[in-house]
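Chain naming here is simple, since letters A, B, ... match the order of the sequence lines and numbering starts at 1 in each.
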There are 2 protein chains.
Amino acid sequence: MSIKQSILIAGSTLLREKGVSALTQPQIAQAAGIKQSHLTYYFPKRANLLLAIAEFTLHGLMDNIAAQLQANPRGKTLADGLARLLIDGLPPRVLLGLIVAADSDPDIRKPLRKLIRHVRLSIRHLLERAGIAADDEAALLFHATIVGLAVMHQARLNRESAAEVRSGLDRLIRTLMPKPAPRRRP
Amino acid sequence: MSIKQSILIAGSTLLREKGVSALTQPQIAQAAGIKQSHLTYYFPKRANLLLAIAEFTLHGLMDNIAAQLQANPRGKTLADGLARLLIDGLPPRVLLGLIVAADSDPDIRKPLRKLIRHVRLSIRHLLERAGIAADDEAALLFHATIVGLAVMHQARLNRESAAEVRSGLDRLIRTLMPKPAPRRRP
DNA sequence: GGCAAAATTGGTAGCCTTACCAAACCAAAC
DNA sequence: GTTTGGTTTGGTAAGGCTACCAATTTTGCC
């Protein structure tokens, strides 16, 4: 495994488990088993490191989703897979980390926009595959909703918030899925 | 105006305009026109200050929403008012600030949960007033969606993201509003 | 083997943060 | 007018972070 990879892995693990404030050069370096000064050799500025970690992380997530969808491309599985992803905490923390960083380093914002666009696109593919017709606006709302669910869970991190992620996703997908056998109340 | 108030105002202004990373004791103190050491006299720990700012901010927001709703309690206005709130940036930044802080100081999480519960409740009232029937799950989804829209806008801060907030809110509310004259496609 | 480039290390300058403390100050109560 | 309690100030200790650099080691190549 290359050093760069081990840095990225250490970084995203740290991010997942301890949040953005733990994502410092000393801690990442220690977790990756290298010296801090060596870390700056690979990533001279903190922003470089952050973006690399974000890209690396999201790349992994996309693969993850794709694989899950491959396994069983219909509704229930979609909700389950997404729920696991959102509760895991890595994706929202990546986003939060970038937002916070962008506040003090505006250069980050451009790649961040690109990243979000990319996620949006992936979501559209996801929905298509799940048999949900989604125009731009529908994809936007879906995206926003899962981001919101994830962020609110991150804020609370208890059983209730996790349950909300699941029930929220369930309901969200249920309302969007084409009904196979519409049954009406009496 | 009491010193405490001026501190809270300075803090929330700073938060709105420069983001969480600018929310430090020196900067707040300067903005409030007092010495940093004096700031710690009122708020011995950073967490105290953060929570106070969050409460103060959200309190103001609720009043804001309530007033807007008072003025004109139906759909279009609801969307407009919310959009202004979300684009303004203060609410999502308060949330982000608390999440980041909670990562290094878990004591913050309990009041943070309470805060979110409170917002949820306000949203239910809001929806009721706007003539939208909302069970728990619907309120949850509404809440999640607006949080997601706001956060994704904060991440990008450009015209496109602002437009997304507006169109997202529009569509969200449109799908929830009871249709006055349902018209079907041919 | 020897050379050049890349990788790695130890060390440190400079900055910023939070939290604390002792002293000065003010204002109201007695 | 003095005492007492709350306010305000200046100063600072301790710690953490980023970024840089000079020196050493390793690696790949001729």
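With rounding to whole Å, A/Gln5 atom CD is found 15 Å from C/dA7 atom P. One can place CD1 of A/Ile28 at 12 Å from C1' of D/dC17, the figure rounded to the nearest angstrom. With rounding to whole Å, A/Tyr41 atom OH is found 12 Å from C/dT9 atom P. In this structure, B/Ile3 places its CD1 atom 9 Å from C1' of D/dT7, rounding to the nearest Å. Rounded to an integer number of Å, the gap from CD of A/Gln27 to C1' of D/dG15 is 13 Å. With rounding to whole Å, B/Gln25 atom CD is found 12 Å from C/dC16 atom C1'. Protein atom NZ of A/Lys4 is 13 Å distant from nucleotide atom P of C/dA6, rounded to whole Å. Atom P of nucleotide D/dT12 and atom NE2 of B/His38 are separated by 20 Å, given to the nearest angstrom.
When each of C/dG10, C/dA19, D/dC17 is scored by its nearest atom to the side-chain atoms of B/Arg46, the top-ranked nucleotide is C/dA19. Each of D/dT18, C/dT17, D/dG10 was ranked by its minimum atom distance to the side chain of B/Thr24; first place goes to C/dT17. The side chain of B/Thr40 has C/dA19 as its nearest neighbour among D/dG10, C/dA19, D/dA19.
Under the 4.0 Å criterion applied to side-chain N and carboxylate O atoms, B/Asp107 and B/Lys45 are not assigned as salt-bridge partners. Electrostatic pairing of B/Arg113 and A/Glu160 does not count as a salt bridge here, judged by no charged N lying under 4.0 Å from a carboxylate O.
A sub-4.0 Å separation between OP1 or OP2 of C/dT18 and a side-chain N or O of B/Lys45 is absent. The phosphate of D/dC17 has neither OP1 nor OP2 within less than 4.0 Å of any side-chain N or O from A/Gln36. Here A/Tyr42 reaches the OP1 or OP2 of C/dT8: one of its side-chain N or O atoms lies under 4.0 Å away.
Place B/Lys35 and A/Pro44 on DNA chain D by their nearest nucleotides, and B/Lys35 ends up nearer the 5' end.
Side-chain contact check for A/Ser167 and A/Asp170: no donor-acceptor pair (N or O, by modelled atom type) lies under 3.5 Å.
At most 12 non-hydrogen atoms from other residues, nucleotides or ligands lie less than 6.0 angstrom from CD of B/Gln30. Within a 6.0 Å sphere centred on CD of A/Glu137, heavy atoms belonging to other residues, nucleotides or ligands number more than 12.
Using Watson-Crick or G-U wobble geometry with both donor-acceptor distances under 3.5 Å, C/dC30 finds its partner in D/dG1.
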